[in-house]
Amino acid sequence: MTTVSVKKTFILDTNVILHDSTCINNFQEHDVVIPITVLEELDHFKKGNQSLHFHAREFVRTLDSLSARKLLNGGVHIGPGKGMVSIKLEQTLHHDLQHHFPATPGKPDHQILNIGYHLAQAQASRRFVLVTKDVNLRMKAKAIGLMAEDYTTDHVKDLNTLYTGCRCLEEVDTELIEALHHEPRGIDPGPLQCNPPPVTNEFLIVRNGKKSVLARFNSRDGRLHRINRKTVCGILPRNAEQSFAVHALCNPEVPLVSISGKAGTGKTLLALAAGLEQLSLYRQIMLARPIVPLSNKDIGYLPGDIQSKISPYMQPLYDNLAVIRNQFSEQSEMGQSLGRLLEDKKLIIEPLAYIRGRSLIKKFMIIDEAQNLTPHEVKTIITRVGEQSKVVFTGDIHQIDHPYLDSQSNGLSHLIEKMQGQALYAHVNLEKGERSELAMLASDLL
């Protein structure tokens, strides 16, 4: 018996468009409805240099290009093999919703719900689905009988199988371990019987009882090479994963590195220490983190000058710099050199929005809290990286502050899934907390 797929009509919320301006191309043969309320909300994002503003402008241009000399209220074809896109105007609040969702001017979500509900009631034979990244709005839609879904085109399929960048091989022949220790050219990974085989820049803990060795697979020669524990700017790795991270951060052949892990595992500290250790190779070290806006208000709404505005957001980066400086006495040459970095602008700490549009040539760039970036924002940053530069993304994919991102849809998870196995990329997931015994206990139990 042949199953006939039911043609759907997807109603888009504003946050989906601000997340991905190309979203209307991802609904195959199904139709797409844009509530007029959504266009009104996009109008507030026309001016600005952040990704939200880019997506708003790009989407409106796409609609304008599709419509050309046609009217959108009747719908226009999105493209070959795709459905129609149309704009629906506001209507009087449906009597079924009047006692539950008052159509107040400050509630565009209720206006979007009302348009979707009117459509579903008028065309009961069709299946209407509201697509929104707002969990609360999805719940409201389902409560009134309107199906709702998240926008999952760029979701990571399974977090349990997400690439960690390293693994442990137990009960390995001790002769192979000795060969790794003493063979400068590395060894063939075949006898290790890795399943699946290691990918480019994957790290391995090769162990048999008390004997062990740390190694990295290099696809250029197809061999495993031993890794030594290395101190960077006074910071000594405390476990195998941190040693792997330091190696990736200091490897000039790998210009793109991501480090994930929960709070206290040393992600930002190791990245900053590695950058300072290699300062002679770069013109500047740039530390940045996304500032998650509250109610669509950016830092421009905060009082004071730019330094006053960003200081609370950047304090964790200053804390990590203080930890590194404390490894040296103030009288030492290194201590004095670190103290002058900020004054000489060899090290700059800024919110991510202020880095857009700059030329990133011969710079060591650290993007902290990268789990609060969208996949498009991560792509935008990487595509700006020039020659002799290195970009490092750090973050915890389970600690999301962005209102419309989650563990599967954030830019860091997307980067890890898409980039694994590339010769220019290395990733390490840090599991063991090293901030303090108390911090580790709280992270595990609370």
Side-chain angles (χ1 to χ4, degrees), residues 10-26 32 34-65 85 87 106-109 111-112 130-138 150-155 288-302 306 309-310 313-314 350-358 360 367-384 393 395 397 400-415:
F10 291 99
I11 305 162
L12 299 191
D13 190 11
T14 314
N15 50 55
V16 175
I17 296 167
L18 295 177
H19 179 82
D20 179 8
S21 56
T22 66
C23 58
I24 60 171
N25 295 309
N26 297 322
V32 175
I34 312 296
I36 193 69
T37 312
V38 168
L39 288 184
E40 281 294 314
E41 287 197 291
L42 289 177
D43 197 49
H44 299 305
F45 291 93
K46 287 191 304 186
K47 297 180 181 179
N49 296 318
Q50 297 187 30
S51 63
L52 296 176
H53 308 117
F54 165 82
H55 285 303
R57 292 190 294 265
E58 190 66 21
F59 182 79
V60 173
R61 290 192 196 104
T62 301
L63 275 187
D64 184 51
S65 176
V85 59
I87 294 176
K107 279 290 184 180
D109 285 357
Q111 296 167 10
I112 294 171
L130 174 64
V131 183
T132 176
K133 301 193 74 63
D134 187 334
V135 179
N136 197 42
L137 184 56
R138 292 203 296 269
D150 190 5
Y151 180 72
T152 59
T153 298
D154 51 12
H155 272 201
R289 59 184 348 215
I291 293 177
V292 180
L294 179 64
S295 301
N296 293 328
K297 292 181 173 65
D298 61 20
I299 62 171
Y301 284 78
L302 298 176
I306 181 60
K309 295 173 191 287
I310 70 172
Y313 295 100
M314 300 297 116
E350 292 186 347
L352 194 57
Y354 286 79
I355 291 175
R356 296 183 182 278
R358 294 187 180 179
L360 305 177
I367 309 299
D368 196 27
E369 303 292 343
Q371 77 277 4
N372 288 318
L373 295 172
T374 67
H376 183 271
E377 287 172 324
V378 168
K379 179 181 177 180
T380 300
I381 294 166
I382 297 174
T383 52
R384 292 183 184 276
F393 291 89
I397 61 173
I400 311 292
D401 300 315
H402 195 289
Y404 300 131
L405 295 178
D406 57 31
S407 297
Q408 290 179 281
S409 65
N410 70 84
L412 183 57
S413 296
H414 187 74
L415 172 70

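Keep in mind it's a predicted model, so treat the numbers as computed, not measured.
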> Can you list the steps and then say if T22 with E58 is a side-chain contact (heavy atoms from CB on, under 4.5 Å)?
Replying inline: CA-CA 8 Å; T22 66; E58 190 66 21; 5.8 Å; no

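- For the atom pair D109 CG and D134 CG, the distance stands at 5.5 Å (nearest 0.5 Å).
- Counted by atom type alone, E41 and T14 present one or more donor-acceptor pairs between their side chains at under 3.5 Å.
- For the side chain to side chain donor-acceptor pair (under 3.5 Å) criterion with K133, the lone passing option out of D406, N15, D150 is D150.
- The residue from T132, N26, D13 that alone fulfils the side chain to side chain contact (heavy atoms under 4.5 Å, CB included) condition with Y151 is N26.
- Between F54 and H376, the ring planes lie parallel to each other; the angle is under 30°, not in the 30° to 60° tilted range.
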>> Quick one, H53 with H55, criterion side-chain contact (heavy atoms from CB on, under 4.5 Å). Give me CA distance, side-chain angles, the key distance, then yes/no.
In response: CA-CA 5 Å; H53 308 117; H55 285 303; over 6 Å; no

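- The two residues Q371 and G395 make their nearest non-hydrogen contact at OE1-CA, 3.2 Å.
- In this structure, the separation between CD on E369 and CG on L412 is 10.0 Å, given to the nearest 0.5 Å.
- Put simply, CD1 on I112 and CD1 on I36 are 11.5 Å apart, with the number rounded to the nearest 0.5 Å.
- Of the inter-residue distances, the one linking L42 atom CG with I34 atom CD1 reads 8.5 Å to the nearest 0.5 angstrom.
- Taken to the nearest 0.5 Å, the NE2 atom of H155 stands 11.0 Å off from the NE2 atom of H414.
- Side-chain contact check for C23 versus L12: some heavy-atom pair is nearer than 4.5 Å.
- In this structure, the side chain of N372 engages the main chain of H402 through a donor-acceptor pair within 3.5 Å.
- A distance-only check finds no donor-acceptor pair linking the side chain of S413 to the backbone of S409 [under 3.5 Å].
- With rounding to the nearest 0.5 angstrom, the CD1 atom of I400 is 10.0 Å from the CG atom of L373.
- Of the residues listed (T374, V38, L52), the one engaging L18 in a side chain to side chain contact (heavy atoms under 4.5 Å, CB included) is L52, and it is the only one.
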